[in-house]
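Have a look at the structure below, then the notes.
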Amino acid sequence: MPFTTDRVAFEFHQGTAPLLLSFPHVGTYVPACVAERLSDEARQVPDTDWHLPRLYAFAKAMGASTLVATHSRYVVDLNRPPDGASLYPGQNVTGLCPVDSFGDTPLYRSPELEPGAAEIDQRRAAIWQPYHDQLRAELDRIKAQHGVALLWDAHSIRSVLPRFFEGTLPDLNLGTNLGASCAPGLGERLLQTAQQAAEDGYTSVLNGRFTGGYITRHYGQPASQVHAVQLEMTQSSYMQEALPFDYLPERADKVQPHLQKLLGTMLEFAASTQQR
């Protein structure tokens, strides 16, 4: 089935600091040519990284650029490799154009309605490629202006998801591709900052279940002064994890200062790099 969409692939804000925030999984739009084939549950796009641009709204005042996806990850997953290769070989994962949910239920009403190779190519060209072209261009611009570029890939997920991990996920899951996507020691500095949130009841880990997806791994090139970090945080830290997925201001207000400190640690690192 031919794929068409009437929405742009992303919304972009250019900042003044050497920091870009990427939000690849916050989109909720599903074009009609896809939505009509999805199950009733899938049309609710429950696996969205809900409300993150609102949660990180303070970042613009810090000078950060922001890149915000518009389409649901059910249409195409912007944090997967373009060839659909698994990010975690041997583990249960979803693909470039997913056919099942985080709850391991089919997204489409029948297997015959799932996207074929030609449609996957069309989705990649219409949404995945423009997002990544903009991401690349902004990192290049930031590095040319500041001599260093920082990428913060922002994610959130339900705190309990048996398909992907046992038990309850830590609240703040930092990923640096096991240290390969940023300068030595930066991940550890960020973990120290995250651990300060323990005073408010938040747990944290570095390179635990989530070590960074395609965006972190692909764009993090510390030898070229491009440093990428992923934060996967529990949705229970700031929102209701079940329908209607409401933003909970009292929870969000509590965690936001810790997110601000994490971004501050990134900018402090950039300043120290520029002074060398």
Side-chain angles (χ1 to χ4, degrees), residues 22-27 41-42 44-52 55-56 69 72-74 76-81 84-107 152-182 187-188 190-198 200-218 220 228-243 245 248 251-252 254-255 258-259 262:
S22 164
F23 299 97
H25 290 156
V26 300
E41 179 187 7
Q44 303 291 327
V45 292
D47 299 329
T48 301
D49 292 10
W50 299 98
H51 310 298
L52 284 183
L55 185 68
Y56 279 92
S72 170
R73 68 189 301 161
Y74 288 172
V76 63
D77 193 327
L78 301 171
N79 201 31
R80 296 292 182 270
S86 176
L87 293 169
Y88 296 94
Q91 297 187 40
N92 203 328
V93 296
T94 53
L96 178 66
C97 292
V99 296
D100 48 19
S101 72
F102 287 0
D104 211 10
T105 59
L107 298 181
W152 186 266
D153 205 41
H155 296 263
S156 70
I157 195 169
R158 296 196 295 279
S159 57
V160 177
L161 267 177
R163 177 179 178 181
F164 299 134
F165 48 84
E166 296 181 359
T168 302
L169 194 69
D171 298 305
L172 304 171
N173 299 265
L174 293 158
T176 63
N177 192 21
L178 304 179
S181 68
C182 65
E188 288 72 20
L190 288 164
L191 179 61
Q192 290 176 355
T193 301
Q195 288 172 335
Q196 295 173 17
D200 285 327
Y202 301 105
T203 53
S204 55
V205 68
L206 174 64
N207 292 316
R209 170 59 181 86
F210 297 97
T211 61
Y214 174 77
I215 289 174
T216 303
R217 302 182 195 190
H218 180 72
V229 176
Q230 175 180 290
L231 179 65
E232 183 85 67
M233 62 183 297
T234 54
Q235 292 179 339
S236 58
S237 300
Y238 70 96
M239 61 167 279
Q240 181 182 351
E241 290 195 343
L243 280 168
F245 305 117
L248 301 176
R251 292 192 189 180
K254 185 179 175 183
V255 76
H258 299 293
L259 298 177
L262 285 167

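- When side chains are defined from C-beta on, Asn177 does not count as touching Gln230, because their heavy atoms never get closer than 4.5 Å.
- Proximity of a side-chain donor or acceptor of Asp49 to a complementary backbone N or O of Pro24 within less than 3.5 Å is not detected.
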Worked verdict on Tyr202 versus Lys254 for side chain to side chain contact (heavy atoms under 4.5 Å, CB included): CA-CA 10 Å; Tyr202 301 105; Lys254 185 179 175 183; 3.2 Å; yes
Step-by-step side chain to side chain contact (heavy atoms under 4.5 Å, CB included) determination, Tyr238 to Leu52: CA-CA 9 Å; Tyr238 70 96; Leu52 284 183; 3.6 Å; yes
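- In this structure the side chain of His25 reaches within 4.5 angstrom of the side chain of Asp77, judged on heavy atoms.
- Minimum heavy-atom separation, Leu172 to Ala197: CD1-CB, 4.2 Å.
- Looking only at side-chain heavy atoms (C-beta outward), Val26 and Tyr56 stay at 4.5 Å or farther from each other.
- Leu206 places a side-chain heavy atom less than 4.5 Å from the side chain of Thr176.
- Shown here for Gly175 and Asn207, the closest heavy-atom pair between the two residues is CA-OD1, 3.5 Å.
- Contact detail for Pro170 and Val205: the closest heavy-atom pair is CG-CG1, 4.0 Å.
- With rounding to the nearest 0.5 Å, the separation of OG in Ser156 from CG in Asp171 is 12.0 Å.
- Residue Ser237 comes nearest to Val255 through the heavy atom pair O-CG1, 4.0 Å, listed as atom of the first residue, atom of the second, then distance.
- In this structure, Thr168 OG1 and Leu161 CG are separated by 10.5 Å, a value rounded to the nearest 0.5 Å.
- Rounding to the nearest 0.5 Å gives a distance of 9.0 Å between CG of Asn173 and CD1 of Ile157.
- Residues Val76 and Cys97 are in side-chain contact: their nearest non-hydrogen atoms beyond the backbone lie under 4.5 Å apart.
- For the pair His155/Phe210, no side-chain contact is recorded, criterion being any heavy-atom separation below 4.5 Å from C-beta on.
- In this structure, CD on Gln44 lies 5.5 Å from CG on Leu243, to the nearest 0.5 angstrom.
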Working for side-chain hydrogen bond (donor to acceptor under 3.5 Å, both in side chains), residues Ser204 and Gln195: CA-CA 6 Å; Ser204 55; Gln195 288 172 335; 4.9 Å; no
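- At distances below 3.5 Å, not a single donor-acceptor pair connects side-chain atoms of Gln235 with backbone N or O atoms of Glu241.
- Between Arg209 and Phe165, the shortest heavy-atom contact is CG-CB, 4.1 Å.
- Aromatic ring pairs are classed by plane angle as parallel below 30°, tilted from 30° to 60° and perpendicular above 60°; the pair Trp50 and Phe245 is parallel.
- Using a distance-only test at 3.5 Å, with no hydrogens or angles considered, no donor-acceptor pair links the side chain of Arg80 to the main chain of Pro98.
- Residue His218 holds its NE2 atom at 12.5 Å from CG of Asp153, rounded to the nearest 0.5 Å.
- Considering every non-hydrogen atom in both Val45 and Ser72, the closest pair reads CG1-OG, 3.4 Å.
- Not one N or O on the side chain of Ser159 forms a donor-acceptor pair closer than 3.5 Å with the backbone of Thr234.
- Separating the CZ atom in Phe164 from the CG atom in Asp104 is a distance of 8.0 Å, to the nearest 0.5 Å.
- Side-chain contact between Asp47 and Arg73 is present, with heavy atoms from C-beta onward closer than 4.5 Å.
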